[in-house]
Asks: 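Have a look at this one.
Just so it is clear, the model here is predicted, and its values are computed rather than measured.
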Amino acid sequence: MIVFHLFRVKVLPLKQMTLFERKGSPSQILRETILSFPSFEFRKGKVWQIGNVTQIDEHGIYFRVGRTSKSTLEIYRDGNFVDQQFDAAPYTHVLLDMQLELCAIARKSRLSPKPKGIAGQLNRVLNQSTKAKEFGARFEIVEINDPHDFLIHIRSAYSITKFWITFSLPNIFDTDDFIKPMQRLLKETSGESGKTELKGDSLNPENLEALTRSAASAGNDAGAVLQPERDRKRVWKFLRGNPVTITQEELSNQEEMLGLLGQMRQIYEQIRGMLGKKDDQ
């Protein structure tokens, strides 16, 4: 059984630049970077790298990311105990939709206790690549949280008196009319991230749901102070802490990879509210 966590892979210009150095769409930059099989030595003799790149459909690719190193195995041979060196290369599976900048990373405890740790190393591999320098691009990989439980609290609350949302630089697939001015301000001030807080006696839950979906789909966070029922005390609720996961029996052929890509895309669209509200099911 393979458990995947869903992440956003954001492609952004370098901090000191407003445009990419070499022209290219984010999906093109992702494609060329992955196909260059980048690697990064984070410690002497320990290298993180990408391999086994396979095109799945027009926008989807499969690859593996792992860590190579030299290991020593103590063995007994011909009446003697000896040390034998061998190459160790634990790896995990990654599925990427280059157009949506959406990826699924499989858990692998030999690489990191949490998939976020693997995502962090993959992020370093991409940012240290020659393609990143060639395009003048930088990458950010952030985990996507499932808004299901948070939205249930928002919809059923007697009143919501405070709501906050974090936001990052624009991405055309995530922009909501409420978020656009904040993202534009962030871009024009050369910022990287921001936070907006709303207060009132009873905030509109429908608009807060739209903001929540924008935050979740972009890998950002949200929180609220709400009163669950008229005679109950106010409580804090948060979007974070509920990562989106997909369970797959195996991933040994293109058909299974296509199926996983389809699940990734459907879940992402449901989070954004494009295919109806998953949370009502």
Asks: So that I can tick it off, tell me whether D57 and R265 are bridged by a salt bridge, with the cut-off set at under 4.0 angstrom between side-chain N and carboxylate O.
Replies: yes
Asks: Using a 6.0 Å cut-off, check whether atom CG of D201 has over 12 heavy atoms from anything other than its own residue.
Replies: no
Asks: Taking the side chain as C-beta and beyond, is there a heavy-atom pair between H153 and K237 under 4.5 Å?
Replies: yes
Asks: Looking at K10 and E101, is there a salt bridge between them, counting it only when a charged N and a carboxylate O are closer than 4.0 Å?
Replies: no
Asks: Say whether E134 and T130, considering side chains only, have a donor N or O and an acceptor N or O under 3.5 Å apart.
Replies: no
Asks: Quick one: hydrophobic cluster around V225, which other residues, with the 4.5 Å side-chain cut-off, linked directly or via members?
Replies: W164, W236, F238
Asks: Which residues satisfy the side chain to side chain donor-acceptor pair (under 3.5 Å) test with Y91, sequence neighbours excluded?
Replies: R64
Asks: Go through it in stages, so that I can follow the logic: the residues are V47 and F40, the test is side-chain contact (heavy atoms from CB on, under 4.5 Å), and I'd like the CA-CA distance, side-chain angles, deciding distance and then a yes or no.
Replies: CA-CA 6 Å; V47 179; F40 172 65; 5.9 Å; no
Asks: Could E197 and K199 be called an ion pair, given the rule that one side-chain N must be under 4.0 Å from one carboxylate O?
Replies: yes
Asks: Which residues pass the ring-ring contact (aromatic ring centres under 6.0 Å, His included) test with H5, sequence neighbours left out?
Replies: none
Asks: Apply the test side-chain contact (heavy atoms from CB on, under 4.5 Å) to residues L151 and L208: give CA-CA distance (whole Å), side-chain angles for both, the deciding distance (0.1 Å), then the verdict.
Replies: CA-CA 9 Å; L151 288 176; L208 299 186; over 6 Å; no
Asks: Does R43 come within less than 4.0 Å of E41, counting only side-chain N to carboxylate O?
Replies: no
